[in-house]
Structure formats: structure tokens, C-alpha cells
Amino acid sequence: MTRTLFGTDGVRGTANTEPMTAATALRVAMAAGMHFRRDGPHRLAVIGKDTRLSGYMLEPAMTAGFISMGMDVVLLGPLPTPAVAMLARSLRADLGVMISASHNPFQDNGIKLFGPDGGKLSDAIEGKIGALVENGVEDHLASPRDLGRARRLDDAQGRYIQFVKQTLPPGLSLNGLRIVIDCANGAAYRVGPSVLWELGADVIPLAVEPDGFNINARCGATDTERMVDQVRFHKADAGIALDGDADRIIMCDETGALLDGDKMLAVIAADWAASQRLATPSVVATVMSNLALERHLSGLGIRLDRAPVGDRYVLEQMAESGANLGGEQSGHLIMSDHATTGDGLIAGLQVLGVLVKSGKRLSEIGHPFTPLPQVLRSVRGDRAIARLDSASFRDSLAQAEASLAAAGRILVRKSGTEPVVRVMAEGEDQQRVVAIVDGLARALEAG
């Protein structure tokens, strides 16, 4: 079954260009509606979105697609991806949809699908839906009497805010903490500051004025400079930067030093292990996570299991191993006791909870290990992707791996969301790591 339509995180592309057109969004909704449609009443899809201009085009297209298949639709408006997953479960929906391209710029958009359990769909189910998109479902349209209806859920934001607040350990509040939160002009621009304020924090909000074009623009988890500056200027205790759909978080301490997903995983894992909240003596990360994290967790008696890049694969590995904590270096953190996908706000509250309990500064608890030098380079273009399987590049990769031997790791992979090849190397020798990445990037760029 086809996987050409779906990447590692749903369907994604440039808005109003295939596959991110209203016509394809309509077909995806019809195909997904047919796959999940069941007999009886209350056949329901929920749709959320971020703040991109193209969301106004894709949301009504998908609404029409579901209605044509006899499914009712609940429109959530701008909300984080994890809120859509949570509300899909809460409303007993047949599926959930998030219209977002996450950390990408405004001109991109995407469609993420969630099943009735709030989890991202498997490759197999996405393949079936992709095949239905290609083959057409017009023979299965609902009769005029059986068309669905659409309505908006007016209290969707309040439901999610309350859900997130309840994940802070009992008895804790954020009273006395000053926190900068950068919402990337994205889906959490209202709920993010509200969660922190309702828990007692002195909140300094950034990038909370979306205009359809400024999502992720010099702000958010992919550009933390402004957050760091404001933490230092306001003498804040911590900074939080979310991405466009708020399933990803990067933090900084009071000095402005950054905490990536690896460091936040280490902080949370140690706290959960001490309070016997870890379901197993293991944490799931990806092949991109720093080797120093693995060594640090090993010293705590915690095993690090690695999954392919993508929070859906982290979640699958967690389900297989029984772990209840996992995440990615990029800041997708999954706590399956609370959520079925990455949730930046919940992850931030877990770290802030450790901070409150410790009575220390975040600079004292937020850097439990020193990362090994790690260099990541993105080589863009179809030519680089085509050269991945060439004999000359395979020879270059083999030579690089032999030169590094057991002193580190090399990872070369095609992105599932962009026409990009990621080249990563890490090891104890910074100069050698840089030279390896530069050499492999040149090999991919060669004509």
C-alpha cells in the first residue's frame, strides 16, 4: 500500500501546491472518513489547526470531506497538536485531525491524523488511507439524509488548559517563578501563557500575536535567541520556547543556557526514577539523541532504547517496551501517563515541577551531563537525496565510519518532512566530527 502521500509526520507540503491543496485535503478527509466510518450515530471527526493563513483553506475542505462521508465534525480552532489528540479521546471521536506544519515556516502546512485512542496512525493505516485517496471513494458517499454536521467547540481551550494543569505533581504550584514563554505565534499563543498564569507564575509572553504569516518566524523552539534575551533582561527563572503546534519545547535556565530534549529527558527521568514513577527502568529516545545522555542514564540504572526519528516511532517503541517516558533531542517529549503524543506544555511543567521541588536554580539541575560534540548538517535538494544510494557516497560513509570507529556515531538519513538529507556525527574529538560531517555533506552535494 502506498506511502507516497504520508511522510514521517502526516502529509506536508507548500500551501496551495500539491499535496497541500484544498482538493487533496478534501480527498484525504473523505478517505480517512471512509476508513474510520462505522455504523450507528455519533460518527465524529475533530479538527484543530495552528495559525497559518492556509489553515482557512484546508479546514473547510476537510470539513466538507468528512460531512460528505456522513461524519459529524467538531471544529476546535487554533490549538496545540496534543490538544487535538486529547480531545479526540475525550469526545469519543472516530479520528482527530491537526492542520499544521509544526516548526516549518508559514508557507508550508500539513495534515496529521489521530485514531480514536488519540495516537498517531500506523504506517499500515496511513497506507490504506493513501490508497483510498488515489483510488477514490465517490462510490461510498453518504446519502443526502445521512450527511454530517459541523459545529465549533467553544470551550476547547479551557478543556485543554485544565488537562495540562492537572499534570503538575499534586501540591505544587509555580508561585514565585518568573517564566518567559515564547509561543512561536502558533497554536499555543493563548493556552500557553494561561496555563502558567493559572498555576501562579509571573508570565512574560512572547510571540503571541499571530497574523497568519509570522508563525515560527524568528521565534519559537527553532529560534530561541529572543527567549534567551528576555530571560536575561527580566531576570526570569526559566524560559520556554514552543514550536508552531506546541508539541515541541526547548527551555533555557536563568543564565540563558539552553536545555534541549535530551537534557529535559534526563531531568525528568531522574525525578521519575526517584519517585518510582518510571514504569520500567528505561527511557526511549531516537538515534539522534546524544551518546552522553545514554551514558548518564546508564549511571542511574536506566536503559536508553533508541527508535527512528519521529515521535510516532518513539511512542511505538515505548508501547513495545512498556516505558512511559520518551522523546527526541529536538524537544518532542512523550509522557504516556498523560498524553498520546509529544506535548511541549506538559513537558515544561514536569521540568518546572522538579525545579520547584529542588529549591535550586534551573542552571543547577538542568544540565546533568555534558553532551559529546555533535554536528548536524542539512543538505537540501533532490540531488542530495538521489546520491544517498550511490556507490561513491556509500564508500565515503564507510570510510568516515572506519575513521571514527568506536569513538562516536554517524547517522545519515532522509528527512520525512522536507527534501533534505540530515548528516550527523558525534564523538569526543570535535575537530574530527566537524571534518566528517563536512566531508559527507560535500559528497552529497557533488555533481
Side-chain angles (χ1 to χ4, degrees), residues 1-49 52 54-76 81 84-85 87-89 91-101 108-153 312 341 416-417:
M1 281 165 285
T2 181
R3 281 282 299 167
T4 57
L5 183 64
F6 290 88
T8 58
D9 201 15
V11 185
R12 192 171 293 190
T14 302
N16 223 21
T17 302
E18 289 296 343
M20 275 297 105
T21 63
T24 296
L26 175 73
R27 293 196 300 271
V28 170
M30 293 170 68
M34 179 177 172
H35 178 83
F36 284 101
R37 187 170 63 183
R38 53 186 169 78
D39 293 333
H42 197 67
R43 295 180 295 191
L44 181 64
V46 299
I47 302 178
K49 62 180 181 178
R52 296 163 208 270
S54 55
Y56 290 104
M57 173 184 70
L58 299 173
E59 180 190 54
M62 299 203 73
T63 301
F66 287 125
I67 288 174
S68 74
M69 301 305 291
M71 297 189 74
D72 292 337
V73 176
V74 169
L75 300 171
L76 306 176
T81 288
V84 175
L87 287 167
R89 285 182 297 154
L91 295 172
R92 309 300 194 268
D94 297 283
L95 77 160
V97 178
M98 180 63 182
I99 300 172
S100 174
D108 294 336
N109 217 326
I111 298 170
K112 305 179 186 182
L113 300 178
F114 296 89
D117 61 353
K120 290 184 178 179
L121 304 186
S122 66
D123 288 352
I125 293 178
E126 286 187 343
K128 291 178 180 178
I129 293 172
L132 290 172
V133 171
E134 290 184 357
N135 298 330
V137 297
E138 285 75 11
D139 292 340
H140 302 274
L141 294 175
S143 70
R145 182 178 292 275
D146 294 326
L147 291 173
R149 300 171 183 266
R151 67 180 180 89
R152 293 199 173 272
L153 186 64
R312 58 184 292 174
T341 188
T417 59

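In terms of heavy atoms, I67 sits closest to L147 at O-CD2, 3.6 Å. Closest non-hydrogen pair, A15 versus S54, comes out as CB-CB, 3.5 Å. In this structure, G130 and F6 approach most closely via the heavy-atom pair N-CE1, 3.9 Å. Nearest approach of R89 to D117, heavy atoms of both residues: CD-O, 2.8 Å.
Rounding to the nearest 0.5 Å places CG of D108 at 9.5 Å from OG1 of T17. Distance check, rounded to the nearest 0.5 Å: CD of E126 to CG of L5 gives 8.5 Å. The line from CG of L58 to CG of L26 is 11.0 Å long, rounded to the nearest 0.5 Å. Note that the CG atom of L132 and the NZ atom of K128 stand 9.5 Å from one another [nearest 0.5 Å]. The distance from the NZ atom of K49 to the OH atom of Y56 is 5.0 Å, given to the nearest 0.5 Å. Distance check, rounded to the nearest 0.5 Å: CG of D94 to CZ of F114 gives 15.5 Å.
Between L75 and E59 there is a side-chain heavy-atom pair separated by less than 4.5 Å. Residues M71 and L95 have side chains in contact (heavy-atom distance under 4.5 Å, counting atoms from C-beta outward). Residues E134 and R27 have side chains not in contact (no heavy-atom distance under 4.5 Å, counting atoms from C-beta outward). When side chains are defined from C-beta on, L113 does not count as touching I125, because their heavy atoms never get closer than 4.5 Å.
For D72 (side chain) and R149 (main-chain N/O), a donor-acceptor pair under 3.5 Å exists by modelled atom type. R312 contributes a side-chain N or O that, together with a main-chain N or O of L121, makes up a donor-acceptor pair within less than 3.5 Å. Proximity of a side-chain donor or acceptor of N16 to a complementary backbone N or O of T21 within less than 3.5 Å is not detected.
For the pairing with L76, the side-chain contact (heavy atoms from CB on, under 4.5 Å) check across V84, V97, I47 returns one residue only, V84.
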* side chain to side chain contact (heavy atoms under 4.5 Å, CB included) between M20 and V11, intermediate numbers included -> CA-CA 8 Å; M20 275 297 105; V11 185; 3.5 Å; yes

Please list, one pair per line, the donor and acceptor atoms closer than 3.5 Å that link side chains of residues 29-37 to other protein atoms, with sequence neighbours excluded.
unit_1 : atom_1 : unit_2 : atom_2 : d
R37    : NH1    : M69    : O      : 2.8
R37    : NH1    : H140   : O      : 3.1
R37    : NH2    : H140   : O      : 3.2

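In this structure R145 satisfies the side-chain contact (heavy atoms from CB on, under 4.5 Å) test together with S143, sequence neighbours excluded. When the side-chain contact (heavy atoms from CB on, under 4.5 Å) test is applied to A22, the partners found at least two apart in sequence or on another chain are M57, A61.
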